[in-house]
Amino acid sequence: MRALDQIASSIRAGHVHSTTVLNTLIEIENGGGLNAVRHVERHLDNGMRAMLQRQHPGTDLVQVWLGATRAYLVSRAEQRQAV
């Protein structure tokens, strides 16, 4: 999945722009729906746990991605309920 490569690249670089995060999440949803976004959320959660155990320096950025992904899912759920 191209989006996972983008996420990994930003973690290696140590920074990411908020627009990149949003565009990536939109791209994931467009490519596979909210189930794909949930899959990425699980992947990030598992990765973050592993990185915390190893005290990896990129853990903070993974938390940013995970928080943004969860906020995106909540936002989309609220939009669906409003319709």
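None of the values given here were measured: they were computed from a predicted structure. If you read the sequence from its start, that first residue is 1, and numbering goes on from there.
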Looking at residues at least two apart in the chain, or sitting in another chain, which of them share a side chain to side chain contact (heavy atoms under 4.5 Å, CB included) with Ser9? Arg12
By salt bridge (charged side-chain N to carboxylate O under 4.0 Å, His left out) - contacts of Arg70 (at least two apart): Glu41, Asp45
How far apart are the closest heavy atoms of Leu25 and Ala68, and which atoms are they? CD1-O, 3.7 Å
Interatomic distance, Met48 atom CE to Leu66 atom CG [nearest 0.5 angstrom]: 5.0 Å
Please round to the nearest 0.5 Å and tell me the distance separating atom CD1 of Ile28 and atom CZ of Arg2. 10.5 Å
Listed by chain and number, what are the salt bridge (charged side-chain N to carboxylate O under 4.0 Å, His left out) partners of Arg76, not counting sequence neighbours? Glu29
Ser18 meets the side chain to side chain contact (heavy atoms under 4.5 Å, CB included) criterion, sequence neighbours left out, with none
Please list, one pair per line, the donor and acceptor atoms closer than 3.5 Å that link side chains of residues 57-65 to other protein atoms, with sequence neighbours excluded.
| residue | atom | partner | partner atom | Å |
| --- | --- | --- | --- | --- |
| Thr59 | OG1 | His56 | O | 2.7 |
| Trp65 | NE1 | Ser10 | OG | 2.9 |

Name all residues meeting the side chain to side chain contact (heavy atoms under 4.5 Å, CB included) criterion together with Arg42; count only those two or more places apart in sequence or in a different chain, and write none if there are none. Arg38, His39
Hey, could you give me the CD/CD distance between Glu78 and Gln81, rounded to the nearest 0.5 Å? 7.0 Å
Is any side-chain heavy atom of His43 less than 4.5 Å from a side-chain heavy atom of Ile7? no
